[in-house]
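Order of listing sets the numbers, starting from 1, for every ligand and every atom in it. Excluded from the calculations below are hydrogen atoms, water molecules and symmetry mates; all remaining heavy atoms, backbone and side chain alike, are included.
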Amino acid sequence: MSIKKRLSPKDSERLQILRKDIAQARDTFLGYPVSKDFDYSELNDFLKYPINNLGDPFEDGTYKVQTHEMEREVVGFFARLFRAHPNDYWGYVTNGGSESNLYGLYLARELYPNAMVYYSESTHYSVRKNIHLLDIPSIVIRAQENGEMDYEDFENTVKLNRHKPAIVLATFGTTMKEAKDDVSKIKGILKRLAIQNHYIHCDAALSGTYGAFMEPCLPFDFKDGADSISISGHKFIGSPIPTGVIITKRSNRDRIAKGVSYIGSLDTTITGSRNGHSPLFLWYALKQLGEEGLRARFKDCLDTAQYCMDQLHNIGIAAWRNPGAITVILPKTPLEIKLKWQLATEDDISHIICMPNVSKAQIDEFVHDMKNTSPVEEEAFEFEF
Ligand SMILES: *Cc1c(COP(=O)(O)O)cnc(C)c1O
C-alpha cells in the first residue's frame, strides 16, 4: 500500500503566503529586465512528465521524454533572425545568458587555445567568472561614457598583442546602460590589424531578442561578424524558469563534438541533463508572437521608454537612453524609491527597464514618487545609518 503524501496545514499555509509575496513582488518591480506577462497555462500538463533534453538537440538520442524538436525550432528561429548561414548554424536552449556566454567562450577557446580575450568594463559580471573557469588570459577594455566599448582603446590593446589569436566578447545591451558594442566595427579593427585568428562572441542576453527590429539597425549578428550569439529567454520573452539560447556556427561546434554511447548522442552541451520544459515555453511564445509579434512588442517597449524619459524630464530629472534602448538611465534614486521599485543601482546611476507590460500607469506612479521624495532628506538618511 502506498503512503499518501500530503502537506501539513501549516506548510500549505506557508505555500499560500509565499505565493502571495511573490505575486506582490512581481507587481512592483521596474528595475530588472524580466517580462511578467506570459501565460503558459496551456502547457501545465507537461509538468507531469520527467522531460529531459540531455544530449545534442540535433541528434536524437536514446531518451525519448524530450522536446528536441521544439528546441530545434527555437534555435532555427533565432538563427534566422540573427542572419546565420542557413546551412551553418547550430545551438541549444541553455539555463540562461550566463551559460550561453560560457558556451561561446568555450567554443572560442577550443578553436584558439592560445588566444587572449578582450571585453569591456561594462561587460556582465558572469563573463569574468566564465573566463576564469576556462582559464583564458584576458584584458579589460575601457568603456565610453554611454557604456559602449572604447574602440580606440580596443585597437591599441589588440595591437600590443597581435601575435595572439583574439577572442572578443562584445555586448549587445549592457546590464546598466543597455549600450551596444558595434560588432562590425570590432570586426573591422581585427581585419585592419590583420589578426586572422579571431572569434567574436556577442553577449546579446538583454537586447538580442529585439535587436533585429531596431531602426536604424545596429550591427550585432552573424552577417555583421559574430561567430556566436547568446540571449536570455526569461527577459524580453518571459518564462517561469530562467532560460537562454546560444546560437553558433555548426562548423565550429563540429570541431568540438564528442560522441557518448551512454546517451546515444553527442556531448556538445555544457550540462548533461538539460531542462526540456524551457524550450517548450520559448517555442510556445514564439509560435504565439511570431516575428511580427516580437517587433510590435519591442515597439511598445520603446514607446514606454520614451514616455518614461519625457515624464522624468518634465520634473527636471536628467534621464537619457542609448539608441534602440528600452532602458532609461537616471541619476541614483533615493533609497526609499530604490527599495519600493526594486531598482538596480551602480555608482551614481539607476535605471528603469521598460520591458513588456511595464505600463504607463506604473511610470506615472514612479514619477509621482520621484517628485515627492526629497533627495536631500534621503542623503541624510543614508548618512545616518
Ligand atoms: C542578463 C544578462 C546576462 C546573464 O544572463 P542570465 O540569463 O541571467 O544568466 C549576461 N549578459 C547580459 C548583458 C545580461 O543582460
Side-chain angles (χ1 to χ4, degrees), residues 29-36 38 74 78 82 91-106 117 119-134 138 140-141 143 146-149 168-183 186 200-211 214 218 220-221 226 228-247 269-271 274-275 277-279 281-282 285 298 301 321-322 324-329 342-346 349 351-356:
F29 76 72
L30 289 179
Y32 287 92
V34 169
S35 300
K36 340 163 189 176
F38 51 82
V74 170
F78 287 109
F82 300 158
Y92 73 97
V93 174
T94 63
N95 289 309
S98 309
E99 183 188 339
S100 302
N101 285 339
L102 179 61
Y103 197 85
L105 287 166
Y106 167 57
V117 186
Y119 64 95
S120 99
E121 54 186 335
S122 304
T123 301
H124 189 261
Y125 63 85
S126 66
V127 168
R128 218 176 281 251
K129 181 174 57 199
N130 286 340
I131 291 172
H132 183 62
L133 284 171
L134 291 165
S138 63
V140 181
I141 306 297
N146 76 339
E148 193 176 341
M149 180 183 283
V168 186
L169 194 297
T171 305
F172 191 70
T174 61
T175 311
M176 271 319 279
K177 298 179 180 168
E178 205 189 329
K180 285 103 180 166
D181 294 340
D182 184 322
V183 166
I186 291 170
I200 303 175
H201 173 76
C202 179
D203 174 6
L206 179 60
S207 307
T209 23
Y210 49 87
M214 285 173 194
L218 298 172
F220 79 104
D221 68 11
S228 50
I229 301 177
S230 320
I231 55 169
S232 291
H234 55 283
K235 291 184 176 172
F236 184 71
I237 293 175
S239 159
I241 301 172
T243 180
V245 184
I246 172 76
I247 310 287
T269 55
I270 299 273
T271 62
R274 296 193 299 112
N275 188 323
H277 289 89
S278 302
F281 294 135
L282 290 180
F298 174 54
C301 293
R321 62 194 175 96
N322 267 307
I326 61 174
T327 304
V328 176
I329 299 141
Q342 303 168 52
L343 300 185
T345 302
E346 198 179 275
I349 58 163
H351 66 191
I352 290 181
I353 308 189
C354 299
M355 279 278 152

Q: Can you sort out which atoms of ligand 1 are near Gly173, meaning under 4.0 Å from one of its heavy atoms?
A: 13 (C)

Q. What residue among Val93, Thr243, Asn95 forms side chain to side chain contact (heavy atoms under 4.5 Å, CB included) with Asn275?
A. Asn95

Q.
Angle between ring planes, Tyr210 versus Phe298, binned at 30° and 60°: parallel, tilted or perpendicular?
A. parallel

Q: With the side chain counted from C-beta on, respond yes when Phe236 and Pro33 share a heavy-atom pair under 4.5 Å apart, and no when they do not.
A: no

(Q) Rounded at 0.5 Å granularity, tell me how far CG in Asn130 sits from CG in Leu169. (A) 8.5 Å

Q) Which heavy atom in Gly173 sits nearest to a heavy atom in Leu206, and how many Å separate them? A) O-CB, 3.6 Å

Q. Out of Glu99, Met176, Lys235, whose heavy atom is nearest to atom 15 (O) of ligand 1?
A. Lys235

Q) At a 4.0 Å threshold, what atoms of ligand 1 neighbour a non-hydrogen atom of Leu206? A) 15 (O)

Q: Please check if the distance between the ring centroids of Phe281 and Phe38 is under 6.0 Å.
A: no

Q | Per-atom contacts, ligand 1 versus His234 - under 4.0 Å to a heavy atom | A | 7 (O)

Q: Go through ligand 1 atom by atom and flag the ones less than 4.0 Å from a non-hydrogen atom of Gly97.
A: 5 (O), 6 (P), 7 (O), 9 (O)

(Q) Which of the numbered atoms in ligand 1 are under 4.0 angstrom from any heavy atom belonging to Ala205? (A) 2 (C), 3 (C), 10 (C), 11 (N), 12 (C), 14 (C)

(Q) Would you call the rings of Phe82 and Phe220 parallel, tilted or perpendicular, taking 30° and 60° as the class edges? (A) perpendicular

Q | Close-contact set for ligand 1 against Asp203 heavy atoms, below 4.0 Å | A | 10 (C), 11 (N), 12 (C), 13 (C)

Q: Please could you name the atoms of ligand 1 that Ser232 approaches to less than 4.0 Å, counting only its heavy atoms?
A: 5 (O), 6 (P), 7 (O)

Q. Are any of the N/O atoms in Thr175 less than 3.5 Å from those in ligand 1?
A. no

Q: Using distance alone, with no hydrogens and no angle criterion, decide if Glu99 and Thr94 have a side-chain donor and acceptor under 3.5 Å apart.
A: no

(Q) Quick check on contacts: which atoms of ligand 1 are under 4.0 angstrom from a heavy atom of Ser98? (A) 4 (C), 5 (O), 6 (P), 9 (O)

Q: Pick one of side chain, backbone, both or neither for how Asn101 approaches ligand 1, counting any non-hydrogen atom pair under 4.0 Å.
A: side chain

